[in-house]
Amino acid sequence: MQVNPRSAVQMFYRSVYNNTHGLLKKRMRELVPVKQALLRDVRKRYGSKEVCKVTVDQAIGGMRNVFGLFYDASLLDAKTGITMRDYNIPELQEYLQKAENGHEPLPEALFWLLCTGDFPSEQEFADVQQEWKQRGQLDSETQRFILSLPKTAHPMTMLSQTLLFLQKDSQFQQAYDQGKVSKPQYWEYFYEDAMDLLAKIPRVSALIYRHKYKNGEIIQADDNLDWAGNYAHMLGYNKFEVRECLRGYLSIHADHEGGNVSAHTTHLVGSALADPYLSYSAGVNGLAGPLHGLANQEVLKWLLEMREELGDNISNEKIQDYVLTTIREGRVIPGYGHAVLRYTDPRFIHQKEFAARHIKDDPLVNLTAQCYHVIPPVLKTIGKIQNPWPNVDAHSGVLLYHYGMREFQYYTVVFAVSRALGCMANLIWSRAFGLPIERPGSITLRWIEEKFGENQNIK
């Protein structure tokens, strides 16, 4: 692994531990008081400064570009895309650990970075990996619960229910109920729950997949594999390419700042001191909403419909006509545009480059690459579209489809396994920072009229 050029100062402060277990929590214990002091200083110096003004349109329109949430692990920039602890997607790919002969970043290493701001050493990476293997075992009661769920249920419903079932094991909830935990200790109990949840969620999600789609034929974990590679194995996909695909997928989808529905919901529910199981179950429910987690399925359906209507070897002109027809019908082009981004999503580029390395002569993958060149110029001619460029969803479903996962509803579960990384890191730090319960104000139509209008007729 190459040495990260930014880490010289970080490494100076990093403690070295002789024992081989729990290195992440020990590192967190060092960092928490330092970051708490930094937050106190920031509030003392800048607490009265105005972050942004809010218009009525913003209040009504989903709070777009309203900066009212403190979420420290990642930041989304309209030009550069997502950064996690100030590192962009290409940097994460370069500096995070990889599987042997692999090219994709490993999520265990990313979680260390999300929690600490540092790239892990080989020892630190291996320690998280081993800890998740030890924590990840599912007892027979949990397995029976999953296998008892009706196969007619949506897989995201199954995941949410199973997270709630696992809540019985929450160390935070047990300590809080017994009055054994003080506020400065909250983060440590949240940490334990978060690590347990992250260790188990690939196994839970794979068991849901095998139960719902593969007649309950369970594949046991292979603890010789990494977190993402083992997930692929338990799903039933054992080619190295598929494991690499999931390693990259689970890493680049892990966090996307705090304002998206799944991250914000998890953060909001956690602010009430709901433990990580309760909080992330709520986040999963938000992710299941069609406007958040369904996007890559919509892209895939749209591309498959285009191929069915136009066949293979589609000309650029026919794609242009198909795009314009879709828009005339009052529909959007799925996978293009983003609420924040104004350039091509770096996560799309990451997946496009993965496909170029590993996939040859797949008509759907080729069509995706062709659309990347054809669609943006068409969308640019339509005045209301601010961002004509593809986002991550324009490619992610196509990769899963290529490797044989045709169960579209399950795609959101894969997303949920990934997003747990960012949401858990944020929950831990939210409690470490002592952040209060989230309670924004709200307004009514009458309030708007009385404050800004001449007429006060609205009742």
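In what follows, every heavy atom counts, from backbone to side chain, and hydrogens, waters and symmetry copies are set aside. Each residue takes its place number in the sequence, starting with 1.
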Using distance alone, with no hydrogens and no angle criterion, decide if [X] and [Y] have a side-chain donor and acceptor under 3.5 Å apart.
X	Y	answer
Asn391	His338	no
Thr83	Asp86	no
Asn260	Arg419	yes
Arg210	Asn215	no
Tyr71	Asp255	yes
His267	Asn426	yes
Ser182	Gln185	yes
Gln167	Asp275	yes
Glu124	Thr116	no
Gln173	Asp177	yes

Could you tell me whether [X] and [Y] have a side-chain N and a carboxylate O separated by less than 4.0 Å?
X	Y	answer
Glu188	Arg431	no
Glu244	Arg247	yes
Asp223	Arg203	yes
Glu30	Lys26	no
Glu407	Lys212	no
Lys25	Glu131	no

Is the ring pair [X]/[Y] parallel, tilted or perpendicular, if the boundaries are 30 and 60 degrees?
X	Y	answer
Phe172	Phe190	perpendicular
Trp132	Phe111	tilted
Phe165	Phe145	parallel
Phe415	His253	perpendicular
Phe354	Tyr403	perpendicular

Would you say the side chain of Lys214 lies within less than 4.5 Å of the side chain of Tyr209, judging by non-hydrogen atoms?
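Yes. Closest side-chain heavy atoms under 4.5 Å.
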Does the side chain of Trp112 reach to within under 4.5 Å of the side chain of Leu24, using non-hydrogen atoms?
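Yes, their side chains come closer than 4.5 Å.
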Considering only distance and modelled atom types, tabulate donor-acceptor pairs under 3.5 Å from the side chains of residues 156-163, sequence neighbours left out.
from	atom 1	to	atom 2	distance (Å)
Ser160	OG	Ser281	OG	2.8
Ser160	OG	Asn285	OD1	2.8
Thr162	OG1	Met158	O	2.8

Nearest 0.5 Å, what's the [atom1]-[atom2] distance between [X] and [Y]?
X	Y	atom1	atom2	result
Ser396	Tyr249	OG	OH	4.5 Å
Trp227	Leu106	CH2	CG	11.0 Å
Ser121	Gln97	OG	CD	7.5 Å

Whether [X] side chain and [Y] backbone form a donor-acceptor pair below 3.5 Å:
X	Y	result
Glu438	Ser271	no
Tyr411	Met405	yes
Thr265	Gly283	no

Does Arg406 qualify as a cation-pi partner of Tyr401, given the criterion of NZ or CZ under 6.0 Å from the six-membered ring centre and within 45 degrees of its axis?
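Judged by the rule (NZ or CZ under 6.0 Å from the ring centre, within 45° of its axis), Arg406 counts as positioned above Tyr401.
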Inspect the surroundings of [atom1] in [X] and state if more than 12 heavy atoms from other residues, nucleotides or ligands are less than 6.0 Å away.
X	atom1	value
Arg43	CZ	no
Tyr176	OH	no
Lys239	NZ	no

Taking the ring of Phe119 and the ring of Phe125, is the distance between their centroids below 6.0 Å?
no
Please evaluate residues Phe70 and Leu39 with respect to the criterion side-chain contact (heavy atoms from CB on, under 4.5 Å), reporting the C-alpha separation (whole Å), side-chain torsions for both, the decisive distance (0.1 Å), and the verdict.
CA-CA 11 Å; Phe70 177 64; Leu39 183 64; 4.1 Å; yes
Dump the intermediate steps for side chain to side chain donor-acceptor pair (under 3.5 Å) on Arg347 and His395, then the final yes or no.
CA-CA 9 Å; Arg347 299 172 300 170; His395 217 309; over 6 Å; no
Show your working on side chain to side chain donor-acceptor pair (under 3.5 Å) between Asp193 and Ser170 and close with a plain yes or no.
CA-CA 6 Å; Asp193 284 352; Ser170 168; 2.6 Å; yes
Which pairs with one or both residues in residues 59-79 pass salt bridge (Lys or Arg N to Asp or Glu O under 4.0 Å), sequence neighbours excluded?
Lys35-Asp72, Asp72-Arg85
For a quick test of reading the model, state the closest non-hydrogen atom pair linking Pro276 to Ala194 and the distance between them.
CG-N, 4.2 Å
I need the minimum non-hydrogen distance between Lys151 and Gly216, along with the two atoms involved.
NZ-N, 4.5 Å
Side chain to side chain donor-acceptor pair (under 3.5 Å) between His233 and Asn238, worked out
CA-CA 5 Å; His233 161 74; Asn238 284 307; 2.9 Å; yes
Would you please test Leu31 and Trp429 for side-chain contact (heavy atoms from CB on, under 4.5 Å) and show each step?
CA-CA 10 Å; Leu31 287 172; Trp429 273 108; 4.1 Å; yes
What side-chain donor-acceptor pairs closer than 3.5 Å can you find for residues 286-293, not counting sequence neighbours?
from	atom 1	to	atom 2	distance (Å)
His292	NE2	Ser262	N	3.2
His292	NE2	Ser262	OG	2.9

